[in-house]
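Structure, as structure tokens:
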Amino acid sequence: MAVPLFEITAIVRRVLRDGDIELLAGTRFDDLPNWDSMDLIAVVVEAEGCYGLQFELPEIDRLKTVDDLQQMIEAKQALTPG
């Protein structure tokens, strides 16, 4: 199941408290204004709650772009029964 970009954008906007952020699939998280490693953890926690998934630390370490997150969510959804 494809994860729409607008859903990832909404998560990042909530975490960064910035409703003006616009993301592309190739957007690097490190390039976002005032981004730090805790923001990545917060985005992952939000995504876990939204999609009913759980990420492992090595997976989180591989997240560099919005597309990385979308693909990881989609891969995990494909493995989740139901």
Side-chain angles (χ1 to χ4, degrees):
M1 177 174 159
V3 176
L5 181 61
F6 76 86
E7 290 180 4
I8 302 297
T9 301
I11 290 170
V12 172
R13 286 177 175 175
R14 277 195 305 274
V15 167
L16 295 181
R17 295 185 177 120
D18 184 345
D20 294 329
I21 289 177
E22 294 296 333
L23 301 178
L24 301 171
T27 301
R28 293 184 57 81
F29 291 117
D30 287 341
D31 291 340
L32 295 172
N34 302 312
W35 184 264
D36 65 29
S37 59
M38 292 307 295
D39 293 323
L40 180 59
I41 298 301
V43 165
V44 168
V45 168
E46 285 277 327
E48 286 176 332
C50 287
Y51 297 103
L53 303 171
Q54 188 169 359
F55 293 90
E56 301 297 326
L57 188 55
E59 294 171 323
I60 296 169
D61 287 341
R62 290 194 303 266
L63 296 175
K64 305 297 181 209
T65 67
V66 171
D67 187 55
D68 293 341
L69 180 57
Q70 286 177 294
Q71 288 183 23
M72 193 167 297
I73 292 168
E74 291 167 8
K76 285 192 164 290
Q77 287 175 327
L79 297 173
T80 303

Value for CZ (R28) from CG (L23), rounded to nearest 0.5 Å, stands at 13.5 Å
Could you go step by step and tell me if L53 and T80 meet the side chain to side chain contact (heavy atoms under 4.5 Å, CB included) rule?
CA-CA 8 Å; L53 303 171; T80 303; 3.8 Å; yes
Going hydrophobic residue to hydrophobic residue with side-chain gaps under 4.5 angstrom, can you get from L32 over to I41?
yes
Out of curiosity, does F55 fall in the hydrophobic cluster containing V45 (side-chain heavy atoms, cut-off under 4.5 Å, transitive links)?
yes
Less than 4.5 Å apart, side chain to side chain, heavy atoms only: is that true for I11 and Y51?
yes
Step by step, work out the side chain to side chain contact (heavy atoms under 4.5 Å, CB included) result for L40 and W35.
CA-CA 8 Å; L40 180 59; W35 184 264; 3.7 Å; yes
Measure the CG-OG distance between D61 and S37 for me, rounded to the nearest 0.5 Å.
10.5 Å
With a 4.5 Å limit on heavy-atom distance, are the side chains of F29 and L69 in contact?
yes
Side-chain donor or acceptor of K76 paired with backbone N/O of Q54 under 3.5 Å
yes
Flag the pair D18 / N34 as yes when at least one side-chain heavy-atom distance between them is below 4.5 Å, and no otherwise.
no
Is a side-chain N or O of T9 found less than 3.5 angstrom from the main chain of L5, in a donor-acceptor match?
yes
Looking at L16 and P33, what are the two nearest heavy atoms and their distance?
CD1-O, 4.4 Å
Is it the case that the side chain of D68 and the backbone of T65 share a donor-acceptor pair, with hydrogens and angles ignored and the cut-off at 3.5 Å?
yes
Is the shortest distance from a Lys or Arg side-chain nitrogen in R13 or E22 to a carboxylate oxygen in the other one below 4.0 Å?
yes
Does any non-hydrogen side-chain atom of L24 lie less than 4.5 Å from one of V66?
no
State, with a plain yes or no, whether a side-chain heavy atom of Q70 is found less than 4.5 Å away from one of D67.
yes
Output yes when a side-chain donor or acceptor of E74 lies under 3.5 Å from a complementary backbone atom of V3, and no otherwise.
yes
Would you give the length of the straight line joining atom CE of M72 to atom CG of L63, rounded to the nearest 0.5 angstrom?
4.5 Å
